[in-house]
Amino acid sequence: MFTNRFAVIAGIVALLAVGMAVAPAAEGPDPAAVDQAFEALKTYDWGSDRAPLEALEKAVAACHKDEAARRQLEKRLAAVLGSDVSNAAKDVVCRQLSLIGSAASVPALAALLPDKELSHMARYALERMPCPEAVAAMRQALEKTDGLVKVGIIGSLGVRRDVESVPALVKLLSDADVETACAAAAALGSIGNAQAAQALRGFLAKAPEPVRMAAADACLTCAERLLAAGNKAQASALYMALTKPGQPKHVRLAAMRGLLAVKGQK
Amino acid sequence: MRNGKVTRRTFVRATGAALAVPWLVPSAALGNARRAAASERIVMGAIGVGGRGMSDMKSLLGNADVQMVAVSDVQRSRRKQAKAAVDQHYGTSDCDTYIDFRELLARQDIDAVLIATGDNWHTCASIMAAKAGKDIYCEKPMSVVVAEGRALCETMRRYGTIFQCGTQRRSVPRFAFAVQLARSGKLGQLKTLYAEKAPARWFPQGHHEITLPPEPDPPREELDWDLWLGPAPWRPYNHTYVTRQFWMAHRDFAGGALTEWGSHTADLCQWANDADDTTPVEFELAQGTVVAHYANGVKLIFEEGEWPLHVRFVGTEGSVYVDDDGNIETDPPSLLADRRFGKGYPQANHVRNFLDCVKSRRQPVAPAEGAHRANSTCQVANICLQLGRSLRWDPEKERFVGDPMADQKLARAYRAPWRL
């Protein structure tokens, strides 16, 4: 059994070696299949056969080094978002735009941000898109949204560490909606610049009970970001604020570890 | 302290009081002759109590110093089954049940949690548990995308959380012995590692994004659909989503065949290669699978899997094969000598290691960083397969080299209100 097993292994290795030598680069699908996929999107809904849409995914994967093909594909995808197709079809499109979207598709995605049913998928694309226009669209949507839609947008701005959102996020710390206030604190912590730190430190002492832990956690994250950026003074100020007796024990211990890191004794 | 500057004196003054408090002060103190003394007891809650969760929970209950006080699951039948098991174990009827795990995490009397939800929830629930001050035993794989795993590691480090990933083969002597052969140099210079994917027949539709026809939402008491979805994109309910066979193959909820077994097999390979803090640097497509190359020249080959789960490590002077059926074979045979090992892949030792570490505050055998590096190796291989091209990877930055599109697959936007 042992000998046979290793013979099989040797065979597999040989096959893999051959395979690696001849493994083809990813090729795009037949243009006709892509056309059929766009056609299928017109009637696609939850539970529809997804097979015709596979050509879209292949086309997206294959165009990574072909700027013209990428822009062409992006244009067609963004146009679907503005058409009368199902949310399921728009879900599919947002997934593809998350990989090839540029400033050109931001307006179509931004239009979905206030929509309760599609806002998340719009963020799914915008959060991944490296262009500054994607972040600007989410920042601008803050004022036009509320509830969970707004909470989601705040979260995405935090993930993107959007410094320009800081003033708006600072105001949202005192929002009456707990989820909004918690999300704003977390986003400020993630952005982690001096202005965010100042706001979080001030907020920590007065945060209402349901937001207190989010505020403390945001301060810890913010302090780490500041320390990584070399701003030891503000990092230690945040950590010191978190060692106060009013904080939970695990937060105080985390702050102590942070202080040790500031001192280079990690 | 002035201007935010910390001196040794101010540091000691500020921190002394908290440091004087022992870390583990188990809270509930119900007397029971079969149980450990209250001061030694770890009060726990279980989040996600399906098949695997029940198995883990029963392992935990087998330890006299565990006091399970609550269970949480979005499915009523599972809550009921788990509560019955806990109550029967203690001969009581006071195990609390929650649909929403946030209520369980809010309890101050709970020291540690088991997280055995679907994969989609592992990272978010773990991070929330750490922020609530709980230690964590979390089932594998610990994340769906790379950015989640990194966020989990950072959070565990930030809070000093004891995090044990449920890669229990690290605590099975047979697998640990095979790893030790590789790490000790008894196989010579390590050359090739073989990690199995889960059997392809478990994934007849591949690793997909299929949607299902809408069905009426079940009552929240029966199944909280919104909470089941958690951070994943919304879609209308269909009962098939909730079945393990479906969700573990869906990209929104799991990593498919690669992470299902790779989180074990690649993990053992990483451990054998002393690579718990890094990953391969090149991922090469080859005959529908992936061959990954480490910076130290070692090769990791993802093989099509078949039961029993196994790994192989091959060096210049020897090799070792080990599987779940209790087989372990070495070349030369003298490496094995007269050693005898048991069968199976029980988690009892792994659970015990976790509990000991909760008390000692030492790192467990499967900590977050090691589990993340193993799982992210599988996730990068998945991206390689999805994009249909070989990729280079920077383990330091955890970014691809020269492939921005691949980078964009490393994270996913969370559905509100969830966040990392």
Side-chain angles (χ1 to χ4, degrees), chain A residues 2 5-6 9 12-13 15-16 19-20 23 25-26 46-48 50 58 61-62 64 88 91 95 98-100 117 120-121 123-124 127-130 148-149 151-152 155-156 158-159 179 183 186 213 217 220-221 224 233-234 236-237 240 243 245 248-250 252-254 256-257 259 262-263, chain B residues 1 3-6 8 10-11 14-15 17-19 21 23 131-133 154 158-160 192 194 208-214 233-236 238 284-289 291 301 303 312 314 319 321 329 331 386-390 403-405 408-409 411-417 419-420:
Chain A
F2 191 56
R5 184 168 283 137
F6 277 86
I9 294 167
I12 290 171
V13 171
L15 276 173
L16 287 172
M20 285 164 63
W46 305 113
S48 299
R50 206 174 174 91
K58 286 181 182 167
H64 72 119
D91 177 296
R95 288 169 192 266
S98 80
L99 301 176
I100 60 166
E117 294 183 359
H120 174 235
M121 290 315 294
R123 286 192 296 108
Y124 191 97
E127 193 179 297
R128 281 178 166 179
M129 287 159 51
L148 281 182
V149 168
V151 168
S156 290
V159 169
E179 292 287 7
M213 185 56 220
D217 181 67
L220 286 170
T221 307
E224 283 181 14
Q234 274 206 304
S236 2
M240 284 302 289
T243 59
K249 188 176 68 182
H250 67 288
R252 281 182 286 147
L253 286 166
M256 290 168 209
R257 277 189 292 274
L259 284 169
V262 171
K263 298 290 285 179
Chain B
M1 193 186 87
N3 304 323
K5 191 174 177 183
V6 183
R8 183 179 175 280
T10 56
F11 174 79
T15 60
L19 285 172
V21 180
W23 176 251
K131 289 178 183 177
E154 285 178 6
R158 184 175 303 137
Y159 285 101
T192 311
Y194 295 88
H208 60 74
E209 289 182 346
I210 292 168
T211 66
L212 299 165
W234 183 88
R235 72 220 61 208
N238 181 296
E284 212 164 353
L285 267 188
Q287 299 282 343
T289 189
V291 177
I301 299 177
E303 295 181 298
R312 291 192 298 277
V314 179
S319 59
Y321 164 97
E329 296 164 9
D331 179 17
Q386 284 166 23
L387 293 179
R389 54 181 178 263
S390 301
D403 198 322
M405 186 189 289
Q408 284 166 246
K409 287 179 97 60
R412 57 174 182 159
Y414 268 26
R415 201 165 60 98
R419 60 176 172 272
L420 291 173

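The sequence lines fix the lettering, A, B, ..., with proteins before strands; numbering per chain opens at 1.
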*Does one side chain, of A:Arg123 or A:Ser156, offer a donor that lies under 3.5 Å from an acceptor on the other?*
yes

*Just checking, any donor-acceptor pair under 3.5 angstrom between side chains of A:Asp217 and B:Tyr159?*
yes

*B:Arg419 versus chain A, heavy atoms under 4.5 Å apart: side chain, backbone, both or neither?*
side chain

_Taking side chain as everything from C-beta outward and backbone as N, CA, C, O, which of these in B:Asn238 sits under 4.5 Å from a heavy atom of chain A? Side chain, backbone, both or neither._
neither

*asked:* Going by the rule salt bridge (Lys or Arg N to Asp or Glu O under 4.0 Å), which residues pair with B:Arg415 if we only count those two or more places apart in sequence or in a different chain?
replied: B:Asp226

_Set of residues satisfying salt bridge (Lys or Arg N to Asp or Glu O under 4.0 Å) with respect to A:Glu179, sequence neighbours excluded_ = none

Where does [X] contact chain B at under 4.5 Å (heavy atoms): side chain, backbone, both or neither?
{"X": "A:Val151", "value": "both"}
{"X": "A:Glu117", "value": "neither"}
{"X": "A:Arg128", "value": "both"}

*B:Arg158, B:Met405, B:Glu154: which one forms the most heavy-atom pairs within less than 4.5 Å of chain A?*
B:Arg158

*Give the member of B:Pro214, B:Ala132, B:Pro404 that has the highest number of heavy-atom pairs under 4.5 Å with chain A.*
B:Ala132

*Do the side chains of B:Glu209 and A:Arg95 get nearer than 4.5 Å, heavy atoms only?*
yes

*Is any side-chain N of the basic residue among B:Asp403 and B:Arg389 closer than 4.0 Å to the acidic one's carboxylate O?*
yes

